[in-house]
Amino acid sequence: MNFGTLAVHAGQEPDPTTGAIMTPIYQTSTFAQTEPAVHKGYDYSRAGNPTRTALEKNLAALEGGKHCAAFSSGMGAIDAVLKLLKSGDHVIAGNDIYGGTYRIFTMVFEQFGLSFDFVDMSDIENLRKALRPDTKMVWIETPTNPLLRIVDVRVATQLARKNGALSVVDNTFATPFLQKPLELGADIVVHSATKYIGGHSDVILGAAITNDGSLAEKIHFIQKSSGAVPGPFDCFLALRGTKTLHLRMQRHCENARLVAEFLRAHPKVKHVNYPGFESHPNHSIAADQMRDFGGMLSFTLKSDDISSAKKLTTFTKIFTLAESLGGVESLIEHPSSMTHASLPRDVRIKSGLEDTLIRLSVGVEDGEDLIYDLEQALDRVSS
Ligand SMILES: *Cc1c(COP(=O)(O)O)cnc(C)c1O
């Protein structure tokens, strides 16, 4: 079955007792047993819940994977995947990964004896050079946030495998509609389903997906043991989101291209980071491993006055100033003071994240209106 059909149907069937078309919200913590330890597949909702099962099956199908574990947040999923490692293991991650991922790696897991190196993986040589005999995990984000760099997933996951390391792709930005990391060689895909998968900025949720049965068993064991599970209502919201993922992504991509082209031609804009441009350094890899180029982009102004950049984010009327991304509504933000403020400034600057960078999550509104909005906002900042 193709993506759009899976999005609407995978993991879900009319409810056998009532015929309800939508998967019920099984708002229960526990389940009746007929004899001790004899039950209908569920005993306690931390270990499993039917609404969650429907979501897990749906997300597994969309990623082309066999197994999925859903978590109460993207960070919950990331935390669980890191717990596959043990003290002394070395991890290589991209140098402009999600700020919260950088924070849990350095502020939480370093305390437990894991060590991390952060490299610009858009040049694969940097990954090759950083691999060590004790490297047990390679953490890939592509497109990266907020610089929209592209990592060659096929090559990066092959290098990891040759080194005996697991490869993990955070597929939040691309979504399985645009990019299928398991097919490109990744061992595990993680998601912040809070973003495009949920799609309506109304739920915090995460997921980890794999084809490897023994990894899946370990991840489910950690899910149950650590307990960062999503509630049934959150699972229902995410399932409602996946039904239109393909439709939303098409419009996100279409609008982002319009906005990127508008910004590139604007006299006050210095540079636009958008993988759909042929001038993007890794455009050909993006074109090869992605169906389209996504709804995210970032740009800098010609003026290097940080206050111009900050002001611009308050001048837009349709783009709302807010963190997060991937919802139907367009958002604008200033990474160095918001989403990426937890990265030390020297680390940020070294990775190419300038103080004046502005990030857009382009929504599914009318594209022309989005351009008018940016145009009037840019008119008001000094050049
Ligand atoms: C938001 C985000 C996360 C964290 O997910 P939460 O659902 O906020 O916990 C991880 N990775 C990426 C790329 C994100 O954008």
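Whatever order the structure lists them in is the order used to number ligands and atoms, beginning at 1. Just so it is clear, the model here is predicted, and its values are computed rather than measured.
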Visitor: Please tabulate, line by line, the atom pairs linking an N/O of ligand 1 to a protein N/O at a distance below 3.5 Å, with the distance in Å to 0.1, or answer 'none'.
Guide:
from	atom 1	to	atom 2	distance (Å)
ligand 1	5 (O)	S192	OG	2.9
ligand 1	7 (O)	G74	N	2.9
ligand 1	7 (O)	S192	OG	2.8
ligand 1	7 (O)	T194	OG1	2.6
ligand 1	9 (O)	G74	N	3.0
ligand 1	9 (O)	M75	N	2.9
ligand 1	11 (N)	D170	OD2	2.7
ligand 1	15 (O)	K195	NZ	2.7

Visitor: Indicate whether any N or O donor in one side chain lies under 3.5 Å from an N or O acceptor in the other, for H191 and E63.
Guide: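 A donor-acceptor contact under 3.5 Å links the two side chains.
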Visitor: Relative to Y196, does R248 satisfy both conditions: NZ or CZ under 6.0 angstrom from the six-membered ring centre, and within 45 degrees of the ring's axis?
Guide: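 Judged by the rule (NZ or CZ under 6.0 Å from the ring centre, within 45° of its axis), R248 is not positioned above Y196.
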Visitor: In terms of side-chain geometry, is the basic nitrogen of D288 or R154 positioned less than 4.0 Å from the acidic oxygen of its partner?
Guide: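 Result for this pair is yes, salt bridge flagged.
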Visitor: Evaluate the criterion salt bridge (charged side-chain N to carboxylate O under 4.0 Å, His left out) for residue pair D234 and R52; output intermediate values, then yes/no.
Guide: CA-CA 9 Å; D234 287 350; R52 193 170 98 210; over 6 Å; no
Visitor: I would like to know whether T18 and D15 meet side chain to side chain donor-acceptor pair (under 3.5 Å); could you show each step before the answer?
Guide: CA-CA 6 Å; T18 63; D15 179 51; 2.9 Å; yes
Visitor: Here's one to test your reading of the geometry: is the NZ or CZ of K195 within 45 degrees of the ring axis of Y98 and under 6.0 Å from its centre?
Guide: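 Judged by the rule (NZ or CZ under 6.0 Å from the ring centre, within 45° of its axis), K195 counts as positioned above Y98.
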